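Step one of this worksheet: look at the structure below.
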Amino acid sequence: MREPCAIVRDTLAYVGSKIRPGVTTKELDEYAEKYIRSRGAIPSELGYCGYPASICASVNEVVVHGIPGDRVIRDGDIVSIDLCAYKNGFHGDGARTFMVGNVSEDKKKLVRVTEECFFKAIENLRAGTPLYDIGARVQKHAEENGFSVVRALVGHGIGREMHEDPSVPNFGKAGTGIRLKAGMVICIEPMINMGGYQVDFLDDGWTVKTRDGKPAAHYENTVVIREDGVEILTI
Ligand code: MF3
Ligand code: CO
């Protein structure tokens, strides 16, 4: 899985380098698809349950699964890019939220805290840790900072399929859930809202927006559980 995950990491950085005011999310999708294919991988979001693009590009109040299209990126936007690559019979999955130009202080804090939620989640994570410790740590850090955790979408196992067991919520009670085992590969992906946790699913079948229209951020890595910690594959 190292190879598809490295391709995810590199594609995220490459797409990030293309984000500037005036670019459309469709153009970002084209950059990503070309790049992933140039590395001999398949953009595995394309066609997944009928999904029509190679990346999810979610701007401001869009939490996740924004379908690339004619939306023009503007100064002050935050743009979450989520993508998967398939190679060697396995998937990699990762997401970053990019800040465009002059971003407000509260959006900067949202993006920073969302990334911190991931790193809080993997602190002392190892074989034997109860699964819902992950969500408990994410939720604690998000809520301590005045933000809220999306409940309607969760992280997941990953391997030969993009989404495998177990579900990995970003909320929950510490000390509960199955015990993680060495060798498990999971995607930890905090989705954090500046306002309330409620989201709406749009009629296009994909786009998830915050109900209150306030911004959201997303950060995701594929990680392997080891006896003594975790190995992050998409950084
Ligand atoms: N990559 C997403 C995840 O983090 C899944 C997106 S499904 C898609 O799990 F079809 F919208 F691409
Ligand atoms: Co994922």
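Any value given below was found using the heavy atoms of this structure, including those in side chains, with hydrogens, waters and symmetry copies removed. Just so you know, ligand 1 is whichever comes first in the structure, and atom 1 is the first atom listed for that ligand. Source: prediction; values computed, not measured.
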Among the N/O/S atoms of [X], which is closest to the Co ion (ligand 2)? Give the atom name.
{"X": "H156", "value": "NE2"}
{"X": "E220", "value": "OE2"}
{"X": "D93", "value": "OD2"}
{"X": "E189", "value": "OE2"}

Atoms of ligand 1 less than 4.0 Å from [X] heavy atoms?
{"X": "D82", "value": "1 (N), 2 (C), 3 (C), 4 (O)"}
{"X": "C84", "value": "1 (N)"}
{"X": "H65", "value": "6 (C), 11 (F)"}
{"X": "W206", "value": "8 (C), 10 (F), 11 (F)"}
{"X": "H156", "value": "3 (C), 4 (O), 9 (O)"}

Query - Y51 N/O to ligand 1 N/O under 3.5 Å - result: no

Query raised in the report: Judging by distance only, is a nitrogen or oxygen of E189 under 3.5 angstrom from one on ligand 1?
Result: yes

Query - Within-4.5 Å side-chain heavy-atom neighbours: L28 and K18 - result: yes

Query raised in the report: Can a salt bridge be assigned to the pair K26 and D29 using a cut-off of 4.0 Å between side-chain N and carboxylate O?
Result: yes

Query raised in the report: Is any side-chain N of the basic residue among E61 and R71 closer than 4.0 Å to the acidic one's carboxylate O?
Result: yes

Which residue and atom name correspond to the protein heavy atom nearest [atom], and how close is it?
{"atom": "atom 1 (N) of ligand 1", "answer": "E45 OE2, 2.7 Å"}
{"atom": "atom 9 (O) of ligand 1", "answer": "H163 NE2, 2.8 Å"}
{"atom": "atom 3 (C) of ligand 1", "answer": "D93 OD2, 3.3 Å"}

Query raised in the report: Taking heavy atoms and a distance under 4.0 Å, where does C56 meet ligand 1: side chain, backbone, both or neither?
Result: side chain

Report summary line: Any heavy atom of C187 under 4.0 Å from ligand 1? The part involved is neither

**Report entry** Contact check, C49 vs ligand 1, heavy-atom distance below 4.0 Å
**Finding:** no

Query raised in the report: Nearest 0.5 Å, what's the CE-CG distance between M194 and L110?
Result: 4.5 Å

Query raised in the report: Hey, does the Lys NZ or Arg CZ of K214 hover above the aromatic six-ring of F147, less than 6.0 Å from the centre and inside 45° of the axis?
Result: no

